[in-house]
Each structure stands twice: as structure tokens, then as C-alpha cells.
Amino acid sequence: MQVEKLTLKDVATTTRQYLETIFALGDGHVGVRDSLPFTGNQQGTLPVMLVNGFYASNPITYGESAYGYAKNHQTIVSLTSPRYLDFATAQADSAVPDDWHVTVDDTVLDFSSGKLTEKFQITTSDQYHFELAVESMILLDDSHQLMLNYQLTSLDYAGELRFKRPIVREANAASEADDDPRVAQRQAGLKIEFKTIADEHELQWQTTVASTQQQLTQSDRLTAVPENFSVHKDQTGFHGAGEIKLHETLQWSFVRQVSEINQPLATSSVEDAKALNQRILTDFWQQSQVQISDRKLQTGIQYNLFQLFQSAGRDGLTNIAAKGITGPGYEGHYFWDTEMYMLPFFIYTQPQMAKQLLHYRYSILPQARQRARDLGVTKGALYAWRTINGEEASAYFPAGTAQYHINADIAHTIKLYFEVTDDQDFLREQGCGGRA
């Protein structure tokens with residue numbers, strides 16, 4: 001069984017937002033866009049982290065409202081990217097726009113391990129040169145941990161080197177195309193609260209969305225730092241300084257962990273992380289592999305299957321957003337596309353994941369029944385066209401009724417799941433409406 005890799009040579013353009021999406025990493029819960037690691041190099045990019053189902057709500061303002069119209073926007077929250085690591089020489093700071101000019105040498109996404117490997121060439125404003133290698137990988141064991149390793153090599157600079165890892169920054173998900181219906185930026189109203197952690201190499205903080213009262217806990221652990229470098233932390237992140245020699249390579253490593261929504265951080269370990277991911281993905285490819293003779297098409301098919309695996313919610317309370325968790329497009333809404341276009345793949349190859357995706361629809365059945373009552377139907381249920389929490393969130397058509405076939409799409413997929421799996425318990429307890 002041959003599992004491919006996607007490289008920079010395989011993609012159509014090196015526009016940064018495009019690369020951020022194509023090489024995004026996810027585990028169904030958390031998604032991290034492939035942004036440049038320096039905070040001063042983010043113009044025209046979307047350097048964000050997204051959590052499936054973590055959203056803010058804002059009232060929809062109509063020029064003229066009417067009965068049955070959706071009441072509130074639901075917008076996935078753009079969180080600070082965990083990829084940031086800034087460096088500074090005596091004269092140039094990568095946190096300052098254009099002080100450290102970055103070009104991408106190579107990018108490789110390995111479908112067999114989930115590891116993303118990148119190499120950047122850097123020229124500072126005072127004309128020194130560095131090479132930065134970054135390796136990143138999200139563990140696929142539901143512990144929601146992102147491992148990041150940075151190796152900075154001096155090509156012609158020797159002297160003081162400072163580093164800083166900002167933890168919380170304003171995550172700007174705006175687009176130049178303000179009239180693009182796929183893009184929205186709304187106030188999330190985030191409250192950040194840091195926890196007291198004695199370990200000088202660990203930070204923990206909690207993010208609460210004011211409008212929905214959803215909470216996330218994150219931790220960031222510094223697991224490797226060059227010898228003879230100072231380290232300290234505060235509520236802006238990690239900081240430190242030391243010396244770099246000519247042609248020396250220095251290494252920093254971090255582990256970012258994200259909790260489930262409204263849950264504490266999972267108990268976890270990162271030992272043998274690559275071997276763990278390899279086992280999980282080997283099982284996935286044994287069930288999902290499609291082999292054709294054309295190598296380029298083979299890579300494209302495997303990439304799409306890999307992204308499906310990365311995008312699917314696994315907890316029974318989330319689904320597959322319009323852009324997966326590669327970006328905030330369409331506000332992170334779940335559409336009927338999941339049932340018609342994506343769930344058949346999971347039903348035939350990953351039936352347990354398919355069951356969890358269908359359980360999400362069961363979990364929002366009360367909202368669907370209420371929606372039917374809102375539109376004057378006394379029995380039955382009407383699923384929302386666009387939603388995260390189960391309530392209709394589309395103001396694009398009056399009452400969000402432009403696509404009224406959603407119930408049929410969901411029923412069709414429940415039928416397909418049952419025919420393939422013969423899961424009678426699911427059909428009795430959830431597929432037919434259960435005891436809701």
C-alpha cells in the first residue's frame with residue numbers, strides 16, 4: 001500500500017492564504033492553518049486556529065424582518081495560532097513587519113504520519129541570513145495536542161538572539177473581499193483567564209465566549225530550549241535570550257493542547273507520538289485507500305481523503321463544517337453537504353465516525369422540532385440549512401428555507417448507514433427519532 005506525500009511542487013500557487021489552507025492540520029476537533037511562524041509576516045494572511053463547534057452568536061439585523069426569520073448569527077471563533085515563534089537579533093525583530101523577510105523553500109505533508117515539515121529561508125533587515133525548519137503534527141488519539149519543533153540555523157550571524165512565543169493575539173480573520181458571502185467577521189467577545197502553574201515551562205489559560213458561554217482550556221509547554229538560553233513566562237507568553245554561533249543550529253519545541261468544549265484538558269502523553277499517529281493512519285488507509293495508476297491523481301485523491309479524516313467531528317456533538325477546520329469560511333456552519341457528499345465515504349470505511357456524525361443530528365433534534373413549530377408545522381422536525389447549535393443561522397433567504405430538502409438528505413443517510421452496518425440499536429434509539 002503506497003501512501004503519498006503532498007509537497008510544495010504539487011500545488012498550483014504559493015499564495016500564503018492558499019498554502020495555509022492546503023497544508024492545514026486537524027484532528028476533527030482542532031484545526032491549525034499553516035501560517036508563517038513570525039508575527040511580523042502576517043499581512044494578507046489568516047493565521048488562526050479553529051475549534052470545531054466553538055462559536056460566537058450575534059443578533060441578525062434585517063432591513064425589514066418577518067415571521068420565521070433566523071434570529072442569530074453563529075460564527076466560528078478565530079483563535080490565536082499556536083505556530084508563532086518570534087526571534088530578534090541585535091538590530092532586527094521578526095515581530096516587526098518586514099524586519100525578517102521569509103521565503104518558503106519546501107513544504108511536505110506526509111499522509112502516513114500526519115507530519116508537516118517546512119523549510120524557510122530568512123533575510124533580516126540588517127542583511128543577515130538564517131534557515132528555519134519547522135515540524136508540526138497533531139496527535140490523532142483525541143488528546144488534541146499539537147507538537148511543534150523549530151530549528152533555527154545561522155548562516156552568517158553570530159551574537160545575541162532573543163525569542164518570544166506570544167500566546168494570545170488578536171486573530172484577524174477578515175478578508176479583502178468584504179462582499180464575499182463565504183466570509184464573515186463578528187465580535188466574539190472573548191474573555192481570557194490565565195491559571196496559576198508553577199512549572200516555568202508551562203502556561204494554561206481559559207477562553208470563554210461571552211455570547212455562548214462556551215469555554216476552552218489551553219496549555220502550552222516548552223519541552224526543549226537551547227542550552228544557556230534564559231527562559232521566563234508571563235501572561236503574554238514565553239520569552240528568553242542567549243547566543244547563537246556562526247552556522248549553529250538551535251532547537252525549540254512546544255506542545256499545545258486544547259480541551260474539549262466546556263471540558264478540562266485531557267490526561268495525555270506525547271511519547272512515541274509519531275508511532276501512535278502511524279498506527280492510527282495505517283488503519284485508516286487500510287480501510288480507505290483508493291489506488292489508481294496515475295501518480296498525480298493518486299496524490300490528489302489521498303489528499304482529499306486525508307482532509308476528510310482531519311475535518312470530521314468525532315464526539316457526536318459536532319459535524320463537518322463547510323471548510324472543515326482549515327478556515328473560517330461560511331462561519332464554520334454545518335450544511336446538508338455532510339450527509340449527501342461526505343457521510344457515504346465514512347459509512348463504508350469508518351462506520352464509527354459516521355455514527356458520531358449522525359449522532360450530531362440526533363443531538364439537535366429538539367431544535368429541529370422547534371423550527372418546524374416556528375414555521376407552522378405541528379408535527380415532525382425541520383433541520384436548519386446552516387447551523388452550528390441546531391438553530392437556523394442563515395439570513396440569506398427568508399426563514400432560511402431556500403433548501404428545504406435537508407430532512408430528506410439526513411433520512412437518506414440514516415437509511416444508508418443502517419443498510420451498510422445493520423446497526424439496529426442506532427436505528428431504534430436515534431435514527432427513528434428515539435426518545436427525544
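What you see below is based on every heavy atom in this structure, not just the backbone, and it leaves out hydrogens, waters and symmetry mates. The residues of the chain are indexed from 1 along the displayed sequence.
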- request: Answer yes or no: is there a side-chain heavy-atom contact under 4.5 Å between E118 and V104?
  value: no
task: Could you tell me whether the side chain of E248 and the main chain of L155 form a donor-acceptor pair under 3.5 Å?
output: no
message: Any donor-acceptor pair under 3.5 Å linking the side-chain atoms of Q307 with those of Y303?
response: yes
message: When you measure from the side chain of Q302 to the backbone of E4, do you find a donor-acceptor pair of N or O atoms at a distance under 3.5 Å?
response: yes
field: Side-chain donor-acceptor contact under 3.5 Å, E392 with W385
entry: no
- prompt: Do V30 and I138 come within less than 4.5 Å of each other through their side chains, counting heavy atoms only?
  reply: yes
task: Compute whether any side-chain donor of one residue and acceptor of the other, for T75 and E331, lie under 3.5 angstrom apart.
output: yes
query: Hey, are R386 and Q403 close enough side-chain-wise for a donor-acceptor pair under 3.5 Å?
result: no
message: Regarding R256 and Q218, do their side chains bring together a donor and an acceptor under 3.5 Å, going by distance alone?
response: yes
field: Donor on one side chain, acceptor on other, E131 and Q121, under 3.5 Å
entry: yes
message: Can you confirm whether N228 is buried at CG, in the sense that more than 12 heavy atoms of other residues, nucleotides or ligands lie under 6.0 Å from that atom?
response: no
query: Any side-chain heavy atom of N319 within less than 4.5 Å of one from E339?
result: yes
message: Could you check whether any side-chain heavy atom of V168 comes within less than 4.5 Å of a side-chain heavy atom of F194, counting everything from C-beta outward?
response: yes
- request: Heavy atoms only: give me the nearest D86-G40 pair and the separation to one decimal.
  value: OD1-N, 4.4 Å
- request: Starting at CZ of F335, measure out to OG of S394 and round the result to the nearest 0.5 Å.
  value: 7.5 Å
task: Specify the closest pair of heavy atoms between S363 and G316, including all atoms of both residues, with the distance to one decimal.
output: OG-O, 4.0 Å
- prompt: Has the side chain of Q74 got a donor or acceptor atom that lies under 3.5 Å from a matching backbone atom of E391?
  reply: yes
field: Ring geometry between W336 and Y341 (parallel below 30°, tilted from 30 to 60°, perpendicular above 60°)
entry: tilted
query: Could you give the distance from CZ (R16) to CG (L46), rounded to the nearest 0.5 Å?
result: 11.5 Å
Parallel, tilted or perpendicular: rings of F345 and F284 (30°, 60°): perpendicular
- prompt: Taking the six-membered ring of F87 as reference, does the NZ or CZ atom of R162 fall below 6.0 Å from its centre and within a 45° cone about the axis?
  reply: no
query: When you measure from the side chain of S57 to the backbone N and O of T212, does any donor-acceptor pair fall under 3.5 Å?
result: no
message: A quick test of your reading: do over 12 heavy atoms of other residues, nucleotides or ligands sit less than 6.0 Å from CG of D126?
response: yes
message: For T326 and R33, which I'm curious about, is there any donor-acceptor pair between the side chains at under 3.5 Å?
response: no
task: Indicate yes or no for a side-chain donor-acceptor contact from K233 to the backbone of D199 under 3.5 Å, with no hydrogens or angles considered.
output: yes
query: Would you say T15's side chain and Q17's backbone share a donor-acceptor pair under 3.5 angstrom?
result: no
query: Are the side chains of D220 and W205 in touch, meaning some heavy atoms are under 4.5 Å apart?
result: yes
- prompt: Out of T236, T39, D93, which residue meets the side chain to side chain donor-acceptor pair (under 3.5 Å) rule with K164?
  reply: D93
message: Please confirm whether the ring centroid of Y334 lies under 6.0 Å from the ring centroid of Y360.
response: yes
field: Shortest non-hydrogen contact between F238 and E200, atoms and distance
entry: CE2-O, 3.6 Å
field: D34 vs R83, salt bridge (Lys or Arg N to Asp or Glu O under 4.0 Å): CA-CA, chis, key distance, verdict
entry: CA-CA 8 Å; D34 181 30; R83 287 176 54 85; 3.1 Å; yes
message: Against F120, only a single residue in T103, L36, D105 fulfils side chain to side chain contact (heavy atoms under 4.5 Å, CB included); can you say which?
response: L36
- request: Looking only at non-hydrogen atoms, find the nearest pair between H144 and H29 and report the distance.
  value: CE1-CB, 3.4 Å
task: Give, for atom CZ of F23 and atom OH of Y18, the distance between the pair rounded to the nearest 0.5 Å.
output: 8.5 Å
field: Backbone of S154 reached by a side-chain donor or acceptor of H129 within 3.5 Å
entry: no
Parallel, tilted or perpendicular, as decided by the 30° and 60° cut-offs, for the rings of F163 and F229: tilted
query: Does the S113 side chain pair with the main chain of Q278, one donor and one acceptor, at a distance under 3.5 Å?
result: no
message: Against D27, only a single residue in N52, L140, L139 fulfils side chain to side chain contact (heavy atoms under 4.5 Å, CB included); can you say which?
response: L140
message: Between Q367 and Q370, do the side chains contain a donor N or O and an acceptor N or O under 3.5 Å apart?
response: no
- prompt: Which atom names give the shortest non-hydrogen contact between F309 and F346, and what distance separates them?
  reply: N-CZ, 4.3 Å
Cation-pi, Y383 ring and R361 (6.0 angstrom, 45 degrees): yes
- prompt: Between Q215 and N262, do the side chains contain an N or O donor and an N or O acceptor separated by less than 3.5 Å?
  reply: no
task: Please answer whether the main-chain N or O of R169 pairs with a side-chain N or O of T80 as donor and acceptor at a distance below 3.5 Å.
output: yes
- prompt: Counting heavy atoms not belonging to D272, are there more than 12 under 6.0 Å from its CG?
  reply: no
- request: Decide yes or no for F111 and K5: does some side-chain heavy atom of the first lie under 4.5 Å from some side-chain heavy atom of the second?
  value: no
task: Indicate the atoms forming the closest heavy-atom contact of Q42 with P47, along with that distance.
output: OE1-CB, 3.3 Å
task: Determine, step by step, whether W100 and F130 satisfy the ring-ring contact (aromatic ring centres under 6.0 Å, His included) criterion, reporting the C-alpha distance in whole Å, the side-chain angles of both residues, the deciding distance to 0.1 Å, and the verdict.
output: CA-CA 10 Å; W100 283 45; F130 295 86; 5.0 Å; yes
- prompt: Within the distance-only criterion (no hydrogens, no angle test), does the side chain of Q298 pair as donor or acceptor with the backbone N or O of I292 below 3.5 angstrom?
  reply: yes
